[in-house]
Amino acid sequence: MNLIPNSLRSGPDERGQFGQFGGRYVSETLMPLILDLEREYRAAKADPAFKAEFDDLMTHYVGRPSPLYYAPRLTEHLGGAKIYLKREELNHTGAHKINNCIGQILLALRMGKTRIIAETGAGQHGVATATVAARFGLPCTIFMGAVDVERQQPNVFRMKLLGAEVQPVTSGSQTLKDAMNEALRDWVANVHDTFYIIGTAAGPHPYPELVRDFQSVIGTETRAQILAAEGRLPDLLVAAVGGGSNAIGLFHPFLDDPEVRMIGVEAAGEGLEGKHAASLAGGEPGVLHGNRTYLLQDEDGQITEAHSISAGLDYPGIGPEHSWLHDIGRVEYHPVTDVEALDSFQRLAKLEGIIPALESAHALAAVEKIAPGLSRDTLLVVNVSGRGDKDIFTVAKALGVEM
Amino acid sequence: MTRISETFARTRAEGRAALITFVTGGDPNAGSTGAILDALVEGGADIIELGMPFTDPMADGPAIQRANLRSLAAGTRTADLLRIAAEFRQRHPSVPLVLMGYANPMVRRGPEWFAAAAAKAGVDGVICVDIPPEQDQELGPALRAAGLDLIRLATPTTDSVRLPAVLDGASGFLYYVSVAGITGMQQAGQTSIEAAVARFKAATDLPVAVGFGVRGPEQAEAIGRVADGVVVGSAIVELVGQHGDKAAGPVREFTATLSAAVKRAARETAA
């Protein structure tokens, strides 16, 4: 156990749990592999060469650090808190997903695995995985719900250009959760040579931990950047939460700073009374995809279908560390609807010349609600986790524009 | 003695493997399952596995995935499953009944609730795909306290280092998932099955049953020569998929061919 006394950053425990959440709920076939991965991750973490290679790729391949940008016109428009954007959308491949993929493919290589699989919702994680697979010359199969294949055509084409095989998944709701089921089915049949690059801070231990660690580069940079710009820590951090990897990456380095307030933004779809993807606001704890966490489910434990205009948030669960941070009250979680996200998507484009991903637009919509009520000396950082080029067709359709 | 241990004692005395059959509860609807379970018993099944449908059956191949979805689409609820089990128990007082499924529907109302409800319905054991020994506390203590067996799974990736952890807390029988993969897809080689069964039998007195990819009588016969139990699932579930609420007849006939196969295996061993 890597226990730091009186710290909120010491989890998970030796059973892979954050309080009651997390764990390793996988079939026996996968269990030895999960244990191997944990051992290998511990070894990698202690190996300076692993960190050096990760850092080098972050700098020269991903293009880090990503800027922390003061958004003057958005700040002026909202008339409250001073708003900074963490520009993860400027990373190679256009989102934060690449940070985690670089880390995991280096682990795959350490473990001698020769084939890569991944699930994807919006396609950002699929593109990032296909990218690192191309960079390191490994064959790669991406599982993607057939509904998502349809609504994210540009990313499907990008994955294919990068040499990946894209497998449309037609079971269940044909979205992210079904893509994850299918990736698990492939993995269990190919454990000997295949590494599964999970795209978010969820799944069986040690995935939530290692994804968080690889994504924590976001928060670590933000900390240094805001100190350089303002000479003090931020007052408020805001990030969208599907599985929650960009949010936990931003939040984690600040968890032990009580003066830093944090808000995770869940996708409320049509509203919490209708179809939505807000697992914390509208779900209850249960077991799915290898971990215990908040899930959208009925009274029999059947998983109910999530809905969000953002394919990347269209998932009926959330990473286990978020479930824990929610229960202990360290992080607040707010719901934002499709309509609110669409408005903010357009507003950032017009006010700052930045087209955000629909996922990130959820975080921006929460900022629009909160910032006006905060004083002008409040420092607010919002994570622009991805760019919105992939979403222009979805947004055009929602706005009734023919393309 | 439990119904499960009595059954294995009997089949051992007969010098043969037990025939263990799986169907998904509520497929094609809750009203049809009773007749299908009866057909399995009439066809000669020794132990019945009743699948609890789940929206996300991630360890299952297409046949059982579709069965899960058919069952849920027909509106099958946990209460229906428990009622199907209780009615089966009234009609078949001595045939072991095992619930098989995924963690979330089992733990939804708490493990104690599930263990008590299953025991009350006359269920003898539970197989949970996504609760490995490391998560035993999620279900194991409650089941054992209610007198139910938690049947553990071993797989081709369960090596000798790991086997003791799998056997710790296991009861009823050990279920060997003979292929690394999902249900109903590939078939394991007979030599690898024989080696694995021998390895497990050296480590435990529990009966060892072999399943995953057992498609028909020929394989059932071959596996019946070396294992204490043969599990057939997807092939029966496919018959239900094909014949719907008229599946009882075809299921009975197919089960009879499997039953004859395990009995044939016994004669050959004895000869």
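Letters A, B, ... are given to chains in the order of the sequence lines, protein chains preceding strands, and every chain is numbered from 1. Because the structure is predicted, anything quoted here is derived from the model rather than measured.
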I'd like to know if the side chain of [X] reaches the main chain of [Y], judged simply by a donor and an acceptor atom lying under 3.5 Å from each other, with no hydrogens or angles considered.
X        : Y        : result
A:Asp178 : A:Ser173 : yes
B:Ser234 : B:Ala63  : no
B:Gln187 : B:Arg215 : no
A:Thr200 : A:Ala202 : no
B:Arg108 : A:Asp298 : yes

Leading residue by heavy atom contact count with chain A [cutoff under 4.5 Å; candidates [options]]:
options                              : value
B:Thr78, B:Leu69, B:Val161, B:Val166 : B:Thr78
B:Arg152, B:Glu134, B:Met52          : B:Glu134
B:Val179, B:Asp60, B:Val177          : B:Asp60

Q: Determine, step by step, whether B:Asn104 and A:Gln297 satisfy the side chain to side chain donor-acceptor pair (under 3.5 Å) criterion, reporting the C-alpha distance in whole Å, the side-chain angles of both residues, the deciding distance to 0.1 Å, and the verdict.
A: CA-CA 9 Å; B:Asn104 205 45; A:Gln297 55 180 324; 2.8 Å; yes
Q: Look at the rings of B:Tyr175 and B:Phe212 and say which category their plane angle falls in: under 30° parallel, 30 to 60° tilted, over 60° perpendicular.
A: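 Taking B:Phe212 first and then B:Tyr175, their aromatic rings stand perpendicular (interplane angle over 60°).
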Q) According to the interplanar angle, ranging from 0 to 90°, do the rings of A:Tyr315 and A:His289 count as parallel (below 30°), tilted (30 to 60°) or perpendicular (above 60°)? A) parallel
Q: Give me the contact list for residues 121-133 of chain B versus chain A, heavy atoms only, anything under 4.5 Å, ordered by residue number.
A: B:Val129, B:Asp130, B:Ile131, B:Pro132, B:Pro133
Q: Tabulate, in ascending numerical order, the residues of residues 193-201 of chain B having at least one heavy atom closer than 4.5 Å to a heavy atom of chain A, or enter 'none'.
A: none
Q.
I need the residue from A:Arg15, A:Arg24, A:Glu28 with the largest number of non-hydrogen atom pairs under 4.5 Å to chain B.
A.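 Highest number of heavy-atom pairs under 4.5 Å: A:Glu28.
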Q.
I want to check something: taking the side chain as every heavy atom from C-beta on, are B:Ile182 and B:Met58 in contact at a cut-off of under 4.5 Å?
A.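 No; the side chains remain at least 4.5 Å from each other.
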What part of [X] gets closer than 4.5 Å to chain B, counting heavy atoms only: side chain, backbone, both or neither?
X       : value
A:Gln17 : side chain
A:Ser27 : both
A:Leu35 : side chain

Any Lys/Arg nitrogen of [X] or [Y] sitting under 4.0 Å from an Asp/Glu carboxylate oxygen of the other?
X        : Y        : result
A:Arg292 : B:Glu138 : yes
A:Arg212 : A:Glu321 : yes
B:Asp80  : B:Arg77  : no

Portion of [X] that has a non-hydrogen atom of chain A nearer than 4.5 angstrom:
X        : result
B:Pro156 : neither
B:Arg162 : side chain
B:Arg109 : side chain

Q. Please walk me through it: do A:His205 and A:Glu38 pass side chain to side chain donor-acceptor pair (under 3.5 Å)?
A. CA-CA 8 Å; A:His205 177 66; A:Glu38 186 179 352; 3.2 Å; yes
Q.
With a 6.0 Å cut-off on the ring centroids, do B:Tyr102 and A:Tyr25 count as close?
A.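 Between A:Tyr25 and B:Tyr102, which both carry aromatic rings, the centre distance is not below 6.0 Å.
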